[in-house]
Amino acid sequence: MPKGLHIANSLATRSVCRLRDDADVPLRQTANMESPDKPLHHLRDWRNYRGLSQEDLAEQIGTTKSVISLLETGERQLSPKWLFRLAPALKTKPGAIIDHNPYELPRDVIDIWLEIDEQQRPQAMKVLETFRKVASGS
């Protein structure tokens, strides 16, 4: 499957479009676990990707630069409450902050997907699935 279509498909899943609020496993267990000394999320990457300083992001969500620093380093837990406050300022979904490094995703696909109204996303997914079928020869 072409990488762009795979990313678009994953963007439509519950894990990215909204938090796993009814998951059986705690949020931290479902996060990206790269290494024990790194945070279990991509908050710093999303902030840098959007060109924001810690101070800028803090101002946008009504907190302090030190709190953003603590969240980024994992010294303060990145709870669902924080994810829902941060996501709009970072122009992404709460689950994306945990699951995806923005530098590893095709930017144009992400930006286009986020601009599609949530009510129109099922239709957009059907169009993308059609492209996937054509590409795979099905």
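For the residue pair Pro94 and Ala87, the shortest heavy atom distance occurs at N-CB, 3.6 Å. Pairing each heavy atom of Ile116 with each of Arg121, the nearest pair is O-NE, 3.2 Å. Taking every heavy atom of both residues into account, Tyr103 and Asn48 meet most closely at OH-C, 3.2 Å.
Within the 3.5 Å criterion, the main-chain N or O of Ala89 finds no donor-acceptor partner in the side chain of Arg50. Within the 3.5 Å criterion, the main-chain N or O of Leu70 finds no donor-acceptor partner in the side chain of Arg76.
Taken to the nearest 0.5 Å, the NE2 atom of His100 stands 12.5 Å off from the OH atom of Tyr49. Distance check: Thr92 OG1 to His42 NE2 gives 11.0 Å after rounding to the nearest 0.5 Å. One finds the NZ atom of Lys126 at 8.0 Å from the CD atom of Gln123 (value rounded to the nearest 0.5 Å). Here the CG-CD1 distance, from Leu83 to Ile98, works out to 4.5 Å after rounding to the nearest 0.5 Å. The CE atom of Met125 lies 6.5 Å from the CZ atom of Arg132; values are rounded to the nearest 0.5 Å. The distance from the NE2 atom of His41 to the CG atom of Asp99 is 12.5 Å, given to the nearest 0.5 Å.
For the residue pair Glu75 / Thr73, a side-chain donor-acceptor distance below 3.5 Å is found, with atom types taken as modelled.
In this structure, the side chains of Trp46 and Asn101 stay at 4.5 Å or more apart for every pair of heavy atoms. With contacts defined as side-chain heavy-atom distances shorter than 4.5 Å, the pair Leu86/Ile68 qualifies. Annotation: side chain of Leu71 is not in contact with side chain of Arg44 (no heavy-atom distance under 4.5 Å). Within the 4.5 Å cutoff, side-chain heavy atoms of Trp82 are placed close to those of Ile61. Between Thr130 and Lys133, the closest side-chain pair of non-hydrogen atoms is not below 4.5 Å.
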With side chain to side chain contact (heavy atoms under 4.5 Å, CB included) as the test, would you mind laying out the steps for Glu104 and Asp45 before giving the verdict?
CA-CA 10 Å; Glu104 296 172 0; Asp45 295 317; over 6 Å; no

Check the pair Thr63, Arg85 against side chain to side chain contact (heavy atoms under 4.5 Å, CB included), reporting the backbone distance first and the verdict last.
CA-CA 10 Å; Thr63 191; Arg85 285 177 69 183; 4.3 Å; yes

Start with the C-alpha distance between Leu52 and Leu90, add both sets of side-chain angles, then the distance that settles side chain to side chain contact (heavy atoms under 4.5 Å, CB included), and finish with yes or no.
CA-CA 9 Å; Leu52 298 171; Leu90 297 170; 4.1 Å; yes

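Salt bridge annotation for Lys91-Glu115: absent, with no cationic side-chain nitrogen under 4.0 angstrom from a carboxylate oxygen.
Counted within 6.0 Å of CD on Gln54, heavy atoms from surrounding residues, nucleotides or ligands total more than 12; the atom is thus considered enclosed.
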